[in-house]
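Predicted, not measured: the structure shown is a model, and the values here were computed from it.
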Amino acid sequence: MGLHNINVWMKKIKRGIIIILISLPTILVCLPILMLVTGSVMSNGELRQHLASVFTDGVKYISWKIIPDYPTFENYGKLLFMTPQFFVLFWNSVKMVGCILAGQIVIGVPAAWAFAVYQIKGSRALFALYIVLMLLPFQVTMLSGYLVLNRLQMLDTQWAVILPAIFSTLPIFITYGGFRSIPGQLFEAARIDGASEWKIFCKIGLPLGKSGLLSAFVLGFLEYWNMMEQPMAYLEDKSLWPLSLYLPEITWAQTGYAFAASIITLIPAVFVFVWGQDYLEQGIIFSGIKE
């Protein structure tokens, strides 16, 4: 009986250690978000009290409170009702992200379907090249992209950001996995029944491969809603910048305002992630499917 109790206690201890090890990274990830939310509803005086060492030459650590002493929505009111440039950048982001995702659907989905369904000579080598291009960071292709866009006279226009992103290889790779998971016998049976290739794509491919498509949509939205390097490299006119580059000059008076701007910028990305979390997981599974 004593040995049994010891085993039970050992299991409880192991479970407690596992919970602590899992909870610690979660707390570290969520803590900055909690600080943003709290700071956005703090008054300027309270923020000055907690962040004094940041704006002075002091060497003391900053202090913080989970619940402000005097919560206020003044920062949100100033941002939403007294800052028109914030909305200009917000709609810039909506326009650019919307055009990019629509273009990726038009270009990337048919390309992924062709790679997944039609086995022609050289298709595997071309798809391998797509994967290599997907692995290249933006810094590697920035100079060549800049020269091409300059020759096309697209620099300092939003198309300089939109067009290269439309031809990104990542949505093709993710969507390819969704189409590749569909049994080929379904396509053969549809062809025997007299279905055209277009009908097979619309009636079989899109419904059964929508998980990969929606996963690419979620990943694309999260990437391009938060993009910073592309607009900084190709756009000089700040009125064309997306919302991800909006950050006021942080002073005593602007600290809470900057917290509120960060929260509002974060809301669409959180909403899309929560909505598409299941599809995102399925897309990751599809991307691991072997040939």
Side-chain angles (χ1 to χ4, degrees), residues 94-138 140-141 144-145 148 152 159 161-227 230 269 272-273 275-291:
V94 172
K95 180 170 66 175
M96 284 193 282
V97 173
C99 290
I100 289 171
L101 296 179
Q104 288 182 347
I105 291 175
V106 173
I107 301 297
V109 173
W113 173 260
F115 280 126
V117 176
Y118 305 114
Q119 301 297 324
I120 59 177
K121 186 176 180 180
S123 62
R124 293 177 64 87
L126 184 59
F127 186 71
L129 177 62
Y130 264 65
I131 296 178
V132 172
L133 293 175
M134 182 183 68
L135 298 176
L136 294 178
F138 171 74
V140 174
T141 60
S144 58
V148 171
L152 296 175
W159 289 108
V161 177
I162 294 172
L163 284 180
I166 286 177
F167 294 94
S168 172
T169 57
L170 179 61
I172 297 177
F173 176 73
I174 299 296
T175 310
Y176 168 86
F179 289 145
R180 193 65 180 169
S181 64
I182 304 174
Q185 293 83 349
L186 290 177
F187 305 142
E188 296 299 330
R191 293 188 181 102
I192 292 174
D193 289 339
S196 64
E197 295 299 318
W198 175 252
K199 195 171 185 179
I200 293 173
F201 172 68
C202 294
K203 298 294 184 179
I204 299 178
L206 290 181
L208 296 182
K210 68 177 182 179
S211 295
L213 176 60
L214 292 175
S215 176
F217 175 86
V218 173
L219 286 173
F221 183 90
L222 296 177
E223 177 180 0
Y224 297 113
W225 183 261
N226 299 304
M227 63 180 172
Q230 295 92 328
V272 171
F273 176 79
W275 170 77
Q277 185 175 6
D278 293 338
Y279 299 114
L280 188 60
E281 293 175 355
Q282 294 177 19
I284 295 174
I285 294 173
F286 289 148
S287 64
I289 294 178
K290 296 182 178 181
E291 298 290 335

Could you give the side-chain donor-acceptor pairs of residues 183-192 under 3.5 Å, partners two or more places apart or in another chain?
unit_1 : atom_1 : unit_2 : atom_2 : d
E188   : OE2    : R191   : NH1    : 3.3
R191   : NE     : E197   : OE2    : 2.8
R191   : NH2    : E197   : OE1    : 3.3

Report all side-chain donor-acceptor pairs from residues 109-117 shorter than 3.5 Å, counting only partners two or more places apart or in another chain.
none

I'd like a table of donor-acceptor pairs (distance under 3.5 Å, sequence neighbours excluded) in which one partner is a side-chain atom from residues 216-223, with atom names and distances.
none

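Across every non-hydrogen atom of L206 and C202, the tightest pair is CB-O, 4.0 Å. The shortest heavy-atom contact between G205 and I182 is O-CD1, 3.8 Å. Nearest approach of A165 to Q104, heavy atoms of both residues: O-NE2, 2.9 Å.
In F273, the CZ atom is not crowded: 12 or fewer heavy atoms of neighbouring residues, nucleotides or ligands sit closer than 6.0 Å.
Atom-to-atom distance recorded for I131:CD1 and L126:CG is 10.5 Å, nearest 0.5 angstrom. The CZ atom of F179 lies 12.0 Å from the CD1 atom of I204; values are rounded to the nearest 0.5 Å.
With contacts defined as side-chain heavy-atom distances shorter than 4.5 Å, the pair V132/L135 does not qualify. Considering only heavy atoms from C-beta on, M227 comes within 4.5 Å of Y224 through its side chain.
Evaluation of the side chain to side chain contact (heavy atoms under 4.5 Å, CB included) rule for K210 yields no partner, not counting sequence neighbours. Scored by the side chain to side chain contact (heavy atoms under 4.5 Å, CB included) test, T169 finds Y130, L133, M134 as partners (sequence neighbours excluded). Applying the side chain to side chain contact (heavy atoms under 4.5 Å, CB included) rule to I166 yields the partners I107, I162, L163; only residues at least two apart in sequence or on another chain are considered.
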